[in-house]
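Here the structure is laid out as structure tokens; the discussion comes afterwards.
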Amino acid sequence: MARRRRLPRSFYRRDPLEVAPELIGALVEHDGRRARVVEVEAYRGTDDPASHAYRGPTPRTAVMFGPPGHLYVYLSYGMHWCANVVCGVDGVAGAVLLRAAAPEHGIEVMRRARPVARRDRDLASGPAKLCQAMGIDRRHDGADLVAADRGVTVTTDGWTPPVAPATSPRIGISAAADRPWRWYLPGDPNVSARPR
DNA sequence: CCGCCGATCTTT
DNA sequence: AAGATCGGCGGG
């Protein structure tokens, strides 16, 4: 496989709906760990009732309104960290939630970070599992993925999925539940459990 | 495999 | 009071 290169700022400076499907197959890297993205969701700002940014900027969502190529990390249900890639132009809220990934490197470290995982596909098959396996938490909110200033980055090695990513409604939301803004690799065992 | 439910805390 | 989730439990 080709040598890995970091995705440039220009990659992120586009609408999340455009960036999201292109993140399928990219690699998230942190602290000796590496995983290939197999599921994402796009969130926009003031026109997206499901977005944390829907009601305008707050201390929590400040990063979503900032420059693209940074990480927006939030606490879900009071106990799980989830990570988004901030997209779009500076000042306009937009992000892509990293929902699931296939572990590629540093799997022993991931297993120590997630002792409950019985199989490799339990390591990062969900947004909070992905963060736990990769060691991403509140310290990484606002991290610059292009500069890799806190060790987290996103790269590509030229790999393209054998099949086109499929779409579906976003998981776990009640507002704007009809928008097909989730992308995933059909048949990949690391994709999170299907919604009801 | 599937469905139910509690955990835990920030934001509204 | 709800929420961009997860894992343990019980049943099929």
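Every chain is numbered from 1, with letters handed out A, B, ... down the list of sequences.
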NZ/NE/NH1/NH2 to OD/OE distance under 4.0 Å, A:R6 and A:E29: no
Tell me which residues in residues 99-128 of chain A lie within less than 4.0 Å of DNA chain B, going by non-hydrogen atoms. A:R121
Do any pairs count as a side chain to side chain donor-acceptor pair (under 3.5 Å) and have a residue in residues 76-86 of chain A, sequence neighbours left out, and if so which ones? none
Would you tell me whether A:Y12 and A:H70 have side-chain atoms, one donor and one acceptor, within less than 3.5 Å of each other? no
Would A:L23 and A:W159 show up in the same hydrophobic cluster when neighbours are defined by side-chain heavy atoms closer than 4.5 Å? yes
Between A:E41 and A:I171 (side chain of the first, backbone of the second, donor and acceptor by atom type, cut-off under 3.5 Å), is there such a pair? yes
How would you list all residue pairs meeting side chain to side chain donor-acceptor pair (under 3.5 Å) that involve residues 142-152 of chain A, not counting sequence neighbours? A:R9-A:D144
Would you indicate what A:I173 reaches in the nucleic acid, counting non-hydrogen atoms under 4.0 angstrom: base, sugar-phosphate, or nothing? sugar-phosphate
Taking all atoms of both residues into account, what is the closest heavy-atom pair of A:P103 and A:N190, and its distance? CD-OD1, 3.6 Å
Can you sort out which residues in residues 11-21 of chain A have a heavy atom within less than 4.0 Å of DNA chain C? Ascending by number, please. none
Inter- and intrachain pairs under salt bridge (charged side-chain N to carboxylate O under 4.0 Å, His left out), touching residues 152-162 of chain A, at least two apart: A:R36-A:D157
Given protein heavy atoms under 4.0 Å, the one-letter contact record of nucleotides 5-12 of chain B, with B base, S sugar-phosphate only and - none, is simply --BBBSSS
Hey, is the main chain of A:S192 close enough, under 3.5 Å, to the side chain of A:E39 for a donor-acceptor pair? yes
For A:R44, give me all partners under salt bridge (Lys or Arg N to Asp or Glu O under 4.0 Å), at least two apart in sequence or on another chain. A:D15, A:D47
For residues 106-114 of chain A, please give each side-chain donor-acceptor pair under 3.5 Å, one per line with the distance, not counting sequence neighbours.
from	atom 1	to	atom 2	distance (Å)
A:R111	NH1	A:D120	OD1	2.6
A:R111	NH2	A:A117	O	3.1
A:R111	NH2	A:R118	O	2.9
A:R114	NE	A:D122	O	3.3
A:R114	NE	A:L123	O	3.1
A:R114	NH1	A:Q132	OE1	2.8
A:R114	NH2	A:D122	O	3.0

Please answer whether the main-chain N or O of A:M64 pairs with a side-chain N or O of A:T61 as donor and acceptor at a distance below 3.5 Å. no
Segment of DNA chain C, first to last nucleotide, that comes within the 4.0 Å heavy-atom reach of chain A: C:dG3 to C:dG8
For A:Y54, all residues meeting ring pair (Phe, Tyr, Trp, His ring centres under 6.0 Å), sequence neighbours excluded: none
Paired stretches of DNA chain C - 3 or more consecutive Watson-Crick or G-U pairs, each distance under 3.5 Å: B:1-7 with C:5-11, B:9-11 with C:1-3
Partners passing salt bridge (Lys or Arg N to Asp or Glu O under 4.0 Å) against A:R60 (at least two apart in sequence or in another chain): none
Answer yes or no: is there a donor N or O on one side and an acceptor on the other, between the side chain of A:R179 and the main chain of A:P169, under 3.5 Å? no
